[in-house]
Amino acid sequence: MIVFKDADLDLVLPKLEKALTIFAGQFCMTGSRLLVQRELADELKQKLAQRLEAVKVGPAADPSSDMGPLIDKDNVARVDAVVEKAIAEGAKVIVRGGPITEGALAKGAFYRPTLLEVNDNAMEIIQEETFGPVLTLQVFDTEAEAIALANDNQYGLAASIWSRDVDLPLRVATEMEAGTVWINDWAVVYDEFEEGGFKNSGLGRMNGMAAMDDFIEYKHITISTGVSRTD
């Protein structure tokens, strides 16, 4: 999720929240990495932290819940260990979140949203999927830096770019090593267009005409007449 300095925060913030909390982050297209341009970083951090702290975690069947549980308690422990390791390696805590250990929800696999600021793109929490409601935030200065940070990863399923500019998002999108790129939106999928990843995010495509390739076997036949030519 790349947010440039001219982005409309009223549009961006609700999407950033949902990109992290849909399915409690257990979604292949979860918005787990946030890159924000320096001029907007302080304001975005403050407002996003407020939104994440206000997320109501609870049973998925409860209409008042904003986010449901992880799949099981083992994964709660796994996600929290990833967060603790990142903090030990230098990640700055903006919203700690973490396991719910008191009250009725302590019996379930509930985990509050977490927001960490990270300066080292080589950290494991950046390079590996956490698959939980944990968001990393990185600050960048230039368009080229944003592209380099985003592409410095073994995965490339999906990305989003946020800006009021007309040309900038299209320039960045063409440079992104991701199978799907949304501009000023997230998780919008059209059945008539291909969906799939780059690099270790997989081969092949779903939807669109390219999906037919997985069901087709091509045969190459050549013919020689067996007759020599003298002319």
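All values below were derived from every heavy atom in this structure, side-chain atoms included, with hydrogens, water molecules and symmetry-related copies excluded.
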Practice problem: Start with the C-alpha gap between Q138 and N121, add the side-chain angles, then the distance that decides, and say whether side-chain hydrogen bond (donor to acceptor under 3.5 Å, both in side chains) holds. | Solution: CA-CA 8 Å; Q138 295 166 272; N121 206 64; 2.7 Å; yes

Quiz item: Is a side-chain donor or acceptor of T114 paired with a backbone partner of V134 at a separation under 3.5 angstrom?
Solution: no

Exercise. Mind checking the CD1-CZ spacing from I147 to F140? Nearest 0.5 Å is all I need.
Key: 9.5 Å

Self-check item: Ring centre gap for F131 and F23 strictly below 6.0 Å
Solution: no

Self-check item: Partners meeting salt bridge (charged side-chain N to carboxylate O under 4.0 Å, His left out) with K199 (sequence neighbours left out)
Solution: E177

Practice problem: Give every residue pair that meets the salt bridge (Lys or Arg N to Asp or Glu O under 4.0 Å) criterion with at least one member in residues 53-81, sequence neighbours excluded. | Solution: D80-R96

Quiz item: Can you tell me if CD on Q127 sees more than 12 non-hydrogen neighbours from other groups inside 6.0 Å?
Solution: yes

Quiz item: Is it true that K85 and E89 make a salt bridge, defined as a side-chain N closer than 4.0 Å to a carboxylate O?
Solution: yes

Practice problem: Please determine if K45 and E117 form a salt bridge, counting it only when a charged side-chain N lies under 4.0 Å from a carboxylate O. | Solution: yes

Self-check item: I223 atom CD1, neighbour heavy-atom count above 12 within 6.0 Å
Solution: no

Listing, residues 11-19 side-chain donor-acceptor contacts under 3.5 Å, not counting sequence neighbours, or none:
from: K15; atom 1: NZ; to: D185; atom 2: OD1; distance (Å): 3.0
from: E17; atom 1: OE1; to: R51; atom 2: NE; distance (Å): 2.8
from: E17; atom 1: OE1; to: R51; atom 2: NH2; distance (Å): 3.0

Practice problem: Verify the neighbour count for atom CE of M206: are there more than 12 heavy atoms of other residues, nucleotides or ligands below 6.0 Å? | Solution: no

